[in-house]
Amino acid sequence: MNSTVAKNQTSGESHRIEYRVLGLSCANCAREMQEEIQRLDYGEDASLLYNSGRLLLHPAVDLKQVERILKRDGATLILPGSSSADGTAAKAASKAVSQKSAELGNSSEPHEHESRLGIWLLVISAVLYGGTFLLDVPNAVQIASYLTAIVLSGYTTFLRGLRNLLRLKFNMDTLMTVALTGAVMIGEWKEATLVAILFGLNELLEGYGMNRARRSLSALLDAAPKEAIVIQDGREMIVPIARLKANDIVLVRAGEKIPSDGTVLEGTSAVNEAAITGESIPVTKQPGMPVFGGSINTEGLLQVRIDKPYEDSSLAKIMHLVQEAQDKKTPTELFIDQFAKWYTPAIMILAALVMLAPPLLFGQPWMKWIYEGLAILIVGCPCALVLSSPIALVSGMTRCARLGVLVKGGVHLEQLGKLNAIAFDKTGTLTKGQPEVQREIAYVPQRFYTVAAALERGSLHPLAAAVVRYVAARTGGNSDVACCCEPASSGHGRGAHGARADGAQRDDGWAHPAGLTTLPGVGVSAEVDGVRCYVGSEALLAQLSLGGEERARVAADLARLKAEGLTVVLAAESARVLGLFGLADELRPEAPDVVRALHRAGVARTVMLTGDHAAAAQAIADRSGVSEWHAGLLPEQKVAQIQALAGRGSVAMVGDGINDAPALAAADLGIAMGQGTDSAVETADIVLMQDHLGHLPRAIRIARQAKRIVAWNIGLSLALKLIALLLTIPGWLTLWVAVMSDMGATILVTLLGLTILLGKDPQTAVGSSKLQVSPQR
């Protein structure tokens, strides 16, 4: 790296370069190495991220010094290329997820080789120890055998600890080195050998536990496609995904991954979106439908227009969020880091007091209390305590990511496990965000359907599209025209109807209107079979010539539908009303099951917040099963409701729209639907990538499991150490007990953290038996 960069260039004026680091098996050691790197020139903002095995550095930092610091603790820096690439190249390498995936896979091989070598050395040491312990051999042979076993299993620890001791740096390697040296000096060869072997095994287990959690998360990188087939000027070209641009046309064959988010131009196929949504059931994709980068084309040939460059695609964002999430420390972890910083020196002082005070003050034998002091050094290793949180939290975030629930940090996973109230936006969250006909009152049924379909079929309005879908389902008509239209507005006003006014004749089995005109704020009017007809809101009644009895009947039916929370669309001729449609935003099929599952998971209050009118809100609340609801709310009023809920406990907000972003930010935890607006997804702490609520209860159970395990780990770590230390009072603490206490705590912490990854996640979400795959998705 160029060391001639001007000294006045601050770290904030240039981006940091990302490197992979192998061999990080100790969180406390990683913290200490980070502090050393930060003392280098330009290193003040360096970050050594233990959970994900990454190092973020200013470009001007001397890499040779960094490598020396890492090497002292057995870690290796992996450069992003064959040479010390410049800042731009390194940034490009860090952005290219596919390169990162390949780099991770290739660079892990040397470390795996070192791990295998370490295992063999431990096995040989254990055989030497066991044979010498059991067989009757001369004393000189015993000492030589024990010394060989110590060197094979503990030489790396000894050398690191010796360097630390010379620099007055006190960590677990320093503790082990002092303990080994002391045990050898007082002739406790058996204990010294056992300390070396078991500590080596301890380090391997620590490394395995964290690497297992890291590999589970890095497996998400395997979803990243590496190349794409781009069609240019009628020719097919294979290009790296990093070179894809918006509006490129790519070809995706069966079995291949879609390279980036886009829209299907040609072809029909089933696409597996599990990498994005966590749902294993393939979704049928047709021309005009969106697709996600990283999803797998399982059947036919697709031609896709790229809508976003890869670094902006859903999969790239997921990977970025997951990677960032690994390294966000929770309050628990930050406390443990600070605790460990003072804990190790305190243990050194305590051990010195145990060694010196009894002989000097009370005339006790020196050898006995030196032995006790050495045992305290071993007990004092902070490994288990430091590992209490990260393995469990990374495992929990990984398990959630498998479900398609993206948790943006361990702190949010902890918060998810504490929830006692969840507030839901109504539209697009508890409901589909798409109106559907719920009720009809037909006075002249056949004519009612004919007129409604004829006038609404070309409209861009979501209410019109819902009417056409309903009529098509009831009559077997063709609803393609309406179903492929994008809603122009989500409001109920009919002024922006956007209907076709050309009266074009189409031979598709539907009646065709003539002279179709828009009635601003009311609806539309046209001639059907030579008769002037109308479709629109109840405001149309003022333009019709109805008898008093008929007007009263229609008014009563209108009032009844509105009392049920339905929006009314009526169809009429000049002198009679043909019928009424009652429409409402359709409840998500999984919502009632999800709400029940949340209550069973310990969420005491489920609250619906909506800007809709009270009748519509009550109808959805009754059907979904939420414990309370509030209607007619503006965005700032939703924030006020969240703040009121937060005053009585930990609260999450689930939403999908721009108007939900303030409430998402105000809640203790913001949860966004994956297909919601960018502002909602960016503001949220958790994203439901499958765009339904089905996996939320499962994610909460995982978070609560992780929270319990972190608490158990901290308790076990401290309890075992405390018990061992108390044994020094009667003088019962031995090196054997000390090693088993320290190693036992580390093994328990590691295994408990990894239990979160055990078990097979269900392929179906809560309420998924009722979920329907919509061809419009």
Quiz prompt | Evaluation steps, salt bridge (charged side-chain N to carboxylate O under 4.0 Å, His left out), between Arg588 and Asp593 | solution = CA-CA 10 Å; Arg588 286 181 180 270; Asp593 290 338; over 6 Å; no
Quiz item: Tell me, which pairs form a salt bridge (Lys or Arg N to Asp or Glu O under 4.0 Å) where one or both residues lie in residues 574-585, sequence neighbours left out?
Solution: Glu573-Arg576
Self-check item: Whether Glu590 side chain and Leu693 backbone form a donor-acceptor pair below 3.5 Å
Solution: yes
Quiz item: According to the salt bridge (Lys or Arg N to Asp or Glu O under 4.0 Å) rule, which pairs have a member within residues 511-520, sequence neighbours left out?
Solution: none
Quiz prompt | Heavy-atom donor-acceptor pair, Arg439 side chain to Leu583 backbone, under 3.5 Å | solution = no
Quiz item: What distance do Leu558 atom CG and Leu580 atom CG have between them, rounded to the nearest 0.5 Å?
Solution: 5.0 Å
Quiz prompt | Where at least one partner belongs to residues 619-635, residue pairs that pass salt bridge (Lys or Arg N to Asp or Glu O under 4.0 Å), sequence neighbours excluded | solution = Arg605-Glu628
Practice problem: Sorted by first residue and then second, give each side chain to side chain donor-acceptor pair (under 3.5 Å) pair with at least one member in residues 262-271; sequence neighbours left out. | Solution: Thr263-Arg305, Thr263-Asp307, Ser269-Asn297
Self-check item: SB check Asp668 Lys418 (cutoff 4.0 Å)
Solution: no
Exercise. Say whether, by atom type as modelled, one donor and one acceptor occur between the side chain of Ser295 and the main chain of Phe292 under 3.5 angstrom.
Key: yes
Self-check item: Evaluation steps, side-chain contact (heavy atoms from CB on, under 4.5 Å), between Val304 and Leu265
Solution: CA-CA 5 Å; Val304 176; Leu265 295 181; over 6 Å; no
Practice problem: Walk me through it: do Tyr449 and Glu440 pass the test side chain to side chain donor-acceptor pair (under 3.5 Å)? | Solution: CA-CA 11 Å; Tyr449 292 152; Glu440 67 161 77; 2.8 Å; yes
Self-check item: Derivation of the side-chain contact (heavy atoms from CB on, under 4.5 Å) call for Leu519 and Val524
Solution: CA-CA 5 Å; Leu519 306 175; Val524 290; 5.9 Å; no
Quiz item: Does Ala270 have any side-chain contact (heavy atoms from CB on, under 4.5 Å) partners at least two apart in sequence or in another chain, and if so, which?
Solution: Pro282, Thr298, Glu299
Quiz item: Considering residues at least two apart in sequence or located in another chain, which fulfil the ring-ring contact (aromatic ring centres under 6.0 Å, His included) criterion with Phe448?
Solution: Phe581
Practice problem: State, with a plain yes or no, whether a side-chain heavy atom of Arg474 is found less than 4.5 Å away from one of Arg469. | Solution: no
